[in-house]
Amino acid sequence: MRDLVIVPHTHWDREWYLPFQRFRLQLVNLLDELLDTMERDDRHRFTLDGQLAAVDDYLEVRPEARERIVSLVKAGRLAIGPWDILMDEFLCSGEQMVRNLERGIRRSTELGGVMPVGYLPDMFGHIAQMPQILHRAGLRHACVHRGVPTSVTTDSFAWTAPDGTAVRTRYLAAGGYGNAAGLLADADSVAERVAELSQRMTPWALPGTSTPLLGMLGSDHTAPAPQAPDQLAAATALTGVPTRLETLAAFFAELPESVEGLPAVHGELRSHARANILPGVNSVRPQLKRAMSLAERAVERYAEPLAALYGDGGEQRFLDMAWQRLIAVSGHDSVTGCGCDETAVQVAARMAEAEQLGQAVCDMIGRRLAAEVPQDAVLVVNPSPHPRSGVVMVAAERDGGEVLADDRVPGAVALARVHGTELYGRHITAWDITGDTLTFRVARHTSLPFDVSEVRDALVRRGGDWRGDPVRVRILALPEEEVPVWVEVPPLGHAAVRAPAAGTVPVLPPHDVRADGRTLDNGLLRVEVASDGTLTLEADGVRTTGVGTLQDGGDLGDTYNYAPPQADLLVEQPDEVRVSALRRSPLTSALRIERDYRWPATGDFATGGRSARTEPVTVVTEVELRAGERYVRLAVRFDNRCEDHRLRLRLPLPRRAHSSFAEGQFAVVERGLTAEGGGGEEPVATFPAAGFVAAGGLAVLLQEYSEYELVDDGDELALTLLRAVGSISRNRHVYRDEPAGPQVPTPGAQVRGERVVTLALAPYAGDWQDGDVLRSAEEFRHGLYGVPGRAPRGGRLPEPVSGLSVTGPGVVLTAVRARDEGWTEVRFVAEAGAATRARITGDFTRARRTDLLGRPEEDLPVTDGVLTVPVGAWEIATVQLAR
């Protein structure tokens, strides 16, 4: 008979159907009770859910309890870490997961020791690269519940990442992380329940081994059971089942690390076969997904590389705060949007703070870099690790004058409006007094050594009471316009550029844009707008028509799962279509498509359909083609005035697709047309994507975490633009057997108001690797970044500056950051599915490989500032560089 190891634990949702602070009150009470219980009886063991945040949240309220926790952790009785937060793996970046793990391990170590297990109990499926992330962070075990396919028939398997890295993984079979939750519910039935648990778990045990069975004694927000040691000892005596209490860390310490002989499971775990994976969280509250994407990019790909390459170290605290907020919102009940409205508001605020902190670092360093750039020019920063050429929009001052003010006020009032050189939000470039009229000329910038006392003296010389006598004050501003400018910028570097003088014809780059009626063409891609507002795209001999139909249908589901009405009404055809030109330029031309619809106002839960009442909705799509780009940019805007519905963008593919390829976290994952079912949830084939999704010769480049599905047997791709629902969970759900949470109303999840989605479409020939999809996705997602110049106008433009180049076939950069002792850390992935070589060029003389946590592994040879690193297919490589 196998030993039965019982792990007392709590699964702690920091914020969910209650906001964070209300749940924290419960957490404080629980941990107060836990510490008292464990100190009274040293037989107790407890596991704090694999996320260190529960400890830090507690210690912020009870700082005096720190040494009590440290004592229990060091004694091996309380298991904490390794994560900071139990995140949703598909709605945050791979880089964020690394920082999450890094922070959790560091803090756990400071508090006495880290649980060396990749504990992932309640995530809604698992990413393909998680085994590699864990292994490269020094963790050799994983523990999972949701997403495990039917091919897994034992409680242990070798979970294998795309690069071949495998970790020994324990499947929380027969009930998940609460498979022993009711074990002690009835004191008179403990022995009987222990025997039943042993019997239920034994068929899952790996044949040919003597590894113990695992019973998880706990569930959501559960407190410790004070009588557990005595009750389990009595049950052992009655049943003969050897039962003992342990932490999860101690349980895994008994297991071998080797995966030899274990059944292998490759890639992501997204099967519905054994448990709900609740895929609707990927499309609900889309404003949170957009905000997360914006915040991550601001910190990961703009602020942090700028600080590493051009900062002075003073930015690091801002970056630390930004990462703390990013990690805090990655929780599997936070960014997912499957909580109450109060939680969603708090999550959005933290995301906004993270983005603002990233922007603050960009502002700080950008101002420093732009000190030598004339005020009539712009410093353009390239966030990509290769040279970039492209279009940036620059505010240009033109001749003429715009009257901002013309009124009569006392002289003292007129001068009180001047603050330094600032007046009416601009800066004084010139002034004069003619008769009784005082005229100021203002612009965005000035180099005038202005002193307001000179104006006062001029008013005094006019005679009379200069303070009280009215004077006519005119404020004239140089008019501005946004003009496109072509710029070439070195890798992770910067270059200055001026807008061309009015009336001049700029030198055109290759593949400039020609606009003719409803057609845009840059020689790489041709885009034509049809009378119904859809697009025809043609590039490299690949052509597709009818692109961009909007399909609005009902959704009677909840934040966890889409639910089609029994009698759905799909609205696809607009009532009216209007097409107009937004701008026509050889560098960028754009068309505006307006489509008018009438969508059902609400769902009809009584009849299982949609309401007869409708709301008028106008959807505006801006279609932009820029010089030199192989993709067309789309911005879709509308005011959502309806409830209980799903809006999808339908994209016919150039050829039928049997699978899709979606970029997510350190990988591009192939998925089919169906999903595996069997666990009480409809196996829908909607999938998450972060950077892009490609299928059948069309790539959709994404700016935010999105949901897509191949439909019509692979002839079309449907991208979800909006899913509006009104409840956390619904007790009765056509696509799910049981509730996924409480039936709490969420009017905020109806997403009323303006919705904006930006994406791009890129047809390609052959396979997605044969096209320019990776590079196009990189450049679309990480646009060139402009900083206004600060030096006097008209001066010479400084020379371009190169930062760090990281290139190679299929090499995708994920991080550049400053490390201790002058090292700069660079992380990249071979995402094309083949072994490659990364070439790194910059101002450094030393290099070394490290693991994901920055621990040195081997020195690397550098020759004249060039480092060549062999990288295996799908390998996540981390190197550090120093002068």
Side-chain angles (χ1 to χ4, degrees), residues 50 82-83 86-90 92 94 97-98 100-101 115-174 176-177 179 204-209 211 214 216 248-249 251-275 277 332 662 664-672 675-676 678-679 687-688 829 833 851-852 872-876:
W83 301 101
L86 290 180
M87 66 284 158
D88 183 277
E89 297 175 35
F90 293 95
C92 64
M97 277 181 259
V98 172
N100 187 337
L101 195 54
M115 180 173 73
V117 179
Y119 185 51
L120 305 162
D122 198 31
M123 285 72 167
F124 307 147
H126 304 283
I127 62 167
Q129 288 280 37
M130 184 56 72
Q132 187 179 178
I133 292 173
L134 296 177
H135 195 276
R136 290 184 182 275
L139 305 179
R140 300 297 186 260
H141 294 278
C143 186
V144 301
H145 165 40
R146 303 184 191 272
V148 174
T150 54
S151 61
V152 173
T153 57
T154 61
D155 59 14
S156 299
F157 61 94
W159 185 12
T160 307
D163 75 319
T165 299
V167 292
R168 189 181 187 97
T169 302
R170 188 78 174 199
Y171 169 43
L172 294 172
Y177 61 81
N179 63 0
W204 287 96
L206 192 67
T209 69
T211 55
L214 175 61
M216 301 295 290
L248 200 60
F251 172 81
F252 278 94
E254 298 181 24
L255 303 182
E257 293 183 354
S258 171
V259 298
E260 186 177 353
L262 296 179
V265 177
H266 294 269
E268 67 181 9
L269 305 180
R270 285 194 61 84
S271 172
H272 303 255
R274 302 198 183 280
I277 63 169
H332 64 290
Q665 293 70 20
F666 294 139
V668 178
V669 179
E670 182 176 8
R671 299 172 176 133
E676 184 181 50
F687 298 107
V829 188
D851 68 2
L852 272 186
W874 307 113
E875 179 184 350
I876 305 168

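Because the structure is a prediction, the values reported are computed rather than measured.
Atom CE of Met130 is separated from atom NE2 of His135 by 14.5 Å, given to the nearest 0.5 angstrom. To the nearest 0.5 Å, atoms CG (Leu134) and CG (Leu852) are separated by 9.5 Å. The distance from the CG atom of Leu262 to the OG1 atom of Thr169 is 8.5 Å, given to the nearest 0.5 Å. Note: Leu269 CG to Tyr171 OH = 11.0 Å, rounded to the nearest 0.5 Å. Separating the OH atom in Tyr177 from the SG atom in Cys143 is a distance of 12.5 Å, to the nearest 0.5 Å.
With sequence neighbours excluded, the residues forming a salt bridge (Lys or Arg N to Asp or Glu O under 4.0 Å) with Arg170 are Asp155, listed by chain and number. Checked against side-chain contact (heavy atoms from CB on, under 4.5 Å), Pro131 has the following partners two or more places apart in sequence or in another chain: Trp159, Ala161, Val167. Residues forming a side-chain contact (heavy atoms from CB on, under 4.5 Å) with Glu257 (at least two apart in sequence, or on another chain): Arg140, His141. Scanning for side-chain contact (heavy atoms from CB on, under 4.5 Å) contacts around Ala128 gives Pro162, Glu268, Val669, with sequence neighbours left out. With sequence neighbours excluded, the residues that form a side-chain contact (heavy atoms from CB on, under 4.5 Å) with Thr209 are Arg2, Leu206, Thr211. Checked against salt bridge (Lys or Arg N to Asp or Glu O under 4.0 Å), Arg146 has the following partners two or more places apart in sequence or in another chain: Asp122.
Counting all heavy atoms, side chain and backbone alike, Phe124 lies closest to Arg270 at O-NH1, 3.7 Å. The two residues Trp874 and Val829 come nearest to each other via the heavy atoms O-CG1, 4.1 Å. Between Arg274 and Thr150, the closest heavy-atom pair is NH2-O, 3.1 Å. The shortest heavy-atom contact between Phe687 and Gly672 is CE1-O, 3.7 Å.
Looking at Gln132 and Thr165, their side chains never bring a donor and an acceptor atom within 3.5 Å of each other.
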TODO: May I have the step-by-step check of side chain to side chain contact (heavy atoms under 4.5 Å, CB included) for Val265 and Thr160, ending in yes or no?
DONE: CA-CA 6 Å; Val265 177; Thr160 307; over 6 Å; no
Open item on the list: Apply side chain to side chain contact (heavy atoms under 4.5 Å, CB included) to residues Val144 and Phe157 and explain how you reach the verdict.
Closed with: CA-CA 11 Å; Val144 301; Phe157 61 94; 4.2 Å; yes
TODO: Could you check Leu120 against Trp83 for side chain to side chain contact (heavy atoms under 4.5 Å, CB included), going step by step and ending with a plain yes or no?
DONE: CA-CA 9 Å; Leu120 305 162; Trp83 301 101; 3.6 Å; yes
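By the 4.5 Å heavy-atom criterion applied to side chains, Arg136 and Val98 are not counted as neighbours. Counting only heavy atoms from C-beta outward, the side chains of Pro263 and Val152 never approach each other to under 4.5 Å. Side-chain contact between Met115 and Pro82 is present, with at least one heavy-atom pair separated by less than 4.5 Å.
Judged by distance alone, with hydrogens and angles left aside, the side-chain atoms of Gln665 form a donor-acceptor pair with the main-chain N or O of Cys92 at under 3.5 Å. Checking side-chain atoms of Glu676 against main-chain N and O of Ser271 turns up no donor-acceptor pair under 3.5 Å. With hydrogens and angles ignored, the 3.5 Å screen pairs no side-chain donor or acceptor of Glu670 with any backbone N or O of Ala662. Between the side chain of His332 and the main chain of Leu86, a donor-acceptor pair closer than 3.5 Å is present. Using a distance-only test at 3.5 Å, with no hydrogens or angles considered, a donor-acceptor pair links the side chain of Asn179 to the main chain of Met216.
With Ile133 as the fixed residue, the side-chain contact (heavy atoms from CB on, under 4.5 Å) test singles out one of Asn100, Leu101, Leu139: Leu101.
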